[in-house]
Amino acid sequence: MPQMRLDELLDELQARIDAARGTRDRVHSLLEVVVSVGRELDLSQVLRRIVEAAAQLVDAQYAALGVIGPDGRTLSQFLTAGLTEEEIARIGPLPAGHGLLGELIRNPEPLRLTDLGAHPASYGFPAHHPPMRTFLGVPIRVREEVFGNLYLTDKRGGQDFDAEDEAVIATLSVAAGVAIDNARLYEASQRQQRWLQANAEITKGLLSGKPRLEVLELIARRAREITGARVADVSVPVTGTDDLVVELAIGGDDDMRRGSVVPAEGTLSGAACQAGTPVTTAALVDDARCVAGSRRFEGLGPAVAVPLGTAAKDTRGVLLLARAAGDPVFTEGELQPLLAFAGQAALALELAERRRDAEQLALLEDRDRIARDLHDLAIQRLFATGMTLQSAARLVEHAGAAERVQRAVGDLDETIKIIRSTIFGLRAREDETEPSLRARVARAVGEAAAALGFPPRLSMEGLLDTDVPPAVADHVMAALGETLSNAARHARAARVEVSLQATANEVVLTVTDDGKGIPADGRRSGLRNLAERASSMGGTLDIRTPDGGGSRLIWRAPFAAGNAE
C-alpha cells in the first residue's frame with residue numbers, strides 16, 4: 001500500500017512537471033510570437049503573421065483574422081490559415097461579417113463555443129466549406145478602436161478550447177494591437193514622405209513648363225503608386241454636355257478606357273464631378289451608383305473619385321483610383337493627402353490653361369502684325385506692280401508679249417486675293433458672331449483633342465474664307481465633326497491629320513489616321529451619312545487605306561452647289 005501511494009504521488013508529480021513544462025513552452029512560444037510580430041513593419045505581413053501564430057499557439061486547425069471596414073459593421077479584409085488556395089476558391093466569396101462572425105463585431109468580447117452551429121447567430125456554412133465545431137473568437141483593439149477579430153476553430157485532438165487558450169489568444173491580441181498600430185504609423189509616415197516627394201516633383205514640372213498632359217500623367221502615376229491602386233483615370237468635362245471623356249488612363253485595359261465617354265449619371269467619376277467632393281466605394285463593379293460601363297472595371301474593388309478643383313462649378317476633371325477586388329478600402333487617412341494631391345492636379349490644369357491663353361494671345365498679336373504688314377506693304381506693292389504692268393501692256397506691240405504681260409497681271413491679282421484671304425484668316429477671332437471657315441475648322445480640330453487624347457495635325461490651303469459658299473462651309477463642318485468623332489470612338493489612332501483645301505471650283509476635306517482601319521463587317525452608319533451629305537452637294541466620298549495602315553477619308557463638294565442654294 002505505501003508503495004502504491006508513492007507511485008501515485010510520483011505520477012501526479014510527473015504530470016504536474018509535464019504541465020509546467022507545457023506552460024513554459026507555451027509562454028516561450030507566445031513571447032517568440034510577440035517579438036516576431038512586433039518586429040514586422042509591413043501591415044500585410046503583420047496580419048499574416050498574427051493569424052498563423054494564433055493557430056499555432058492554441059493548436060487550432062483553422063484560423064482567420066477579419067479586419068472591420070470603415071462602416072464598423074462588415075469585414076473589409078479576411079485572412080485565413082489552414083485552408084489551401086483551391087479550398088478558398090471553391091468556397092467562393094470571403095465572409096462579409098454576418099452570422100457568427102458578425103457577433104464579435106456587434107459585441108467585441110471573447111467568445112468560446114463547444115459547437116458553433118448551435119449558436120443563435122450561426123447561419124451555417126456555404127457549399128464546399130469544411131465542417132467546423134469548436135470556436136474561439138477574440139477582438140483585436142488598436143488603442144481604443146476595435147481593429148478586427150481573431151477566429152479559431154477545431155482544436156486538434158477533438159478537444160474544446162479552454163480558458164488557458166482564451167488567455168493566450170487575448171494576450172496575443174494585445175501584442176497584435178500594438179504591432180498593427182506601429183505598422184500603420186510606419187506606413188503613414190512612409191506614405192506622407194512619398195506624397196511630399198511627389199508634390200515636389202509635380203511642382204518642379206509645373207515651374208519648368210511641362211505640357212499639360214505630361215503633368216497630368218505624372219500626377220496619375222504617382223497617385224496610383226502611392227495608394228496601391230491598379231488603375232488610375234483622369235476624366236475631363238465635355239464642353240456643352242454633362243458627360244466626361246477619359247483623357248488619361250493608366251493600368252489595366254487602358255487602351256479601351258482612354259477616349260471613352262463617361263456619363264455623369266451612373267458613374268463614380270460623374271458623381272464626384274457633380275458633387276465637387278470625393279466619392280468612395282468598397283466595390284466598384286457592384287456599386288449601385290456605378291451602373292454605366294461597369295464592364296470596364298471588371299476585377300476591381302475599392303475605388304475613389306476625387307474632383308480636380310475647389311468646387312463643383314470649378315471642377316476641371318476627376319481623378320479615379322481603383323484597387324483590385326479584395327484589397328483594403330480607401331480610408332479617411334488616405335483621402336486627406338489625396339485631396340491635396342488633387343489640388344496640385346487642378347493647379348496643373350489651371351496653369352496649362354493660363355499658359356495656353358498667353359500663347360494664344362501672343363499668337364494673335366503676331367497674326368495682327370503679320371496681317372498689317374501684308375496689307376500695308378505686300379499688297380500695296382503688288383497692286384502698284386500690277387498697275388505698272390497693265391500700263392506697260394499698251395506699249396507692247398508684240399501680241400505674244402502683250403498676252404504674257406496680261407497673264408502676269410492676272411496672276412498678281414490672284415495673288416492679292418490669296419493674301420487677302422490669308423489676312424482674313426489671321427485676323428479671325430473665335431468670339432466673332434460669324435467666324436470664318438478657317439477659324440471654325442481650327443476650333444473644331446482643337447476641341448477634338450480632348451476626345452482623341454492628342455491634338456490632330458491641321459493644314460489649310462486656298463481661298464477658304466472667300467470662295468467657299470456659306471452653305472458648303474456648313475457641310476464641311478458637319479463632315480469634319482463626323483470624321484473626327486469616328487476617329488475618336490473607333491479608330492484607336494495615335495495620329496490624326498486633317499487637310500482642308502479650296503481649289504478653283506471645289507473644297508476638299510481629307511482626314512487621315514493611323515488607327516485600326518475600317519473593318520469590312522463593321523457599322524457604317526457614319527460613313528453612309530458622309531457619303532449622302534457629299535452626294536447631296538454633288539460631291540463624293542473616297543475611302544482609302546494608306547501604305548502604313550489606318551484610313552484616309554477624302555470628302556469633296558463643289559462650290560456650285562452652295563451658290564445654287
Side-chain angles (χ1 to χ4, degrees), residues 26 30 33 47-142 144-177 180 282-283 286 326 328-329:
R26 175 175 276 193
L30 178 60
V33 168
L47 298 180
R48 172 57 58 187
R49 183 73 183 109
I50 290 170
V51 70
E52 292 174 351
Q56 178 184 355
L57 286 173
V58 296
D59 204 19
Q61 185 174 353
Y62 305 105
L65 193 157
V67 180
I68 300 176
D71 59 2
R73 299 187 301 272
T74 57
L75 299 176
S76 60
Q77 280 183 275
F78 197 78
L79 293 82
T80 63
L83 293 173
T84 64
E85 294 295 333
E86 293 76 11
E87 289 175 324
I88 295 174
R90 284 198 302 269
I91 293 172
L94 295 175
H98 304 298
L100 184 59
L101 299 185
E103 182 67 21
L104 263 74
I105 299 177
R106 295 184 292 271
N107 302 299
E109 297 293 337
L111 178 63
R112 232 179 335 127
L113 300 173
T114 300
D115 185 3
L116 61 86
H119 194 276
S122 178
Y123 282 177
F125 300 110
H128 308 293
H129 194 289
M132 298 179 181
R133 190 180 65 84
T134 56
F135 176 85
L136 172 61
V138 176
I140 299 176
R141 286 182 168 84
V142 177
E144 296 303 319
E145 169 196 0
V146 179
F147 175 82
N149 298 303
L150 274 172
Y151 307 105
L152 300 114
T153 60
D154 286 5
K155 187 177 178 70
R156 298 183 188 277
Q159 301 177 11
D160 293 340
F161 293 105
D162 55 22
E164 187 176 342
D165 294 326
E166 181 180 324
V168 168
I169 297 302
T171 304
L172 175 63
S173 69
V174 174
I180 291 169
D286 301 328
V329 298

TODO: Measure the NE2-CD distance between His129 and Glu87 for me, rounded to the nearest 0.5 Å.
DONE: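 Going from the NE2 atom of His129 to the CD atom of Glu87 covers 9.5 Å.
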With the side chain counted from C-beta on, respond yes when [X] and [Y] share a heavy-atom pair under 4.5 Å apart, and no when they do not.
X	Y	result
Tyr151	Asn149	yes
Ile169	Phe161	no
Leu75	Ile105	yes
Pro120	Glu103	no

Between [X] and [Y], is there a donor-acceptor pair closer than 3.5 Å when you use the side chain of the first and the backbone of the second?
X	Y	answer
Thr171	Ala167	yes
Arg133	Asp154	no
Thr134	Thr153	no
Arg48	Thr80	yes

Open item on the list: Using the salt bridge (charged side-chain N to carboxylate O under 4.0 Å, His left out) definition, which of the options Asp160, Asp165, Asp162, Asp59 pairs with Lys155?
Closed with: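 Result: among Asp160, Asp165, Asp162, Asp59, Asp165 is the only option passing the salt bridge (charged side-chain N to carboxylate O under 4.0 Å, His left out) with Lys155.
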Do you know the tightest heavy-atom contact between [X] and [Y]?
X	Y	result
Ala170	Val138	CA-CG1, 4.0 Å
Ser122	Gly117	OG-CA, 3.8 Å
Phe78	Pro95	CD2-CD, 3.6 Å

Task: side chain to side chain contact (heavy atoms under 4.5 Å, CB included) between Leu116 and Phe125, worked out - done: CA-CA 11 Å; Leu116 61 86; Phe125 300 110; 3.4 Å; yes
Open item on the list: By the definition side chain to side chain contact (heavy atoms under 4.5 Å, CB included), identify the one residue from Leu47, Leu65, Val174, Ile68 that meets it with Ile140.
Closed with: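 Between Ile140 and the candidates, side chain to side chain contact (heavy atoms under 4.5 Å, CB included) is satisfied uniquely by Leu65.
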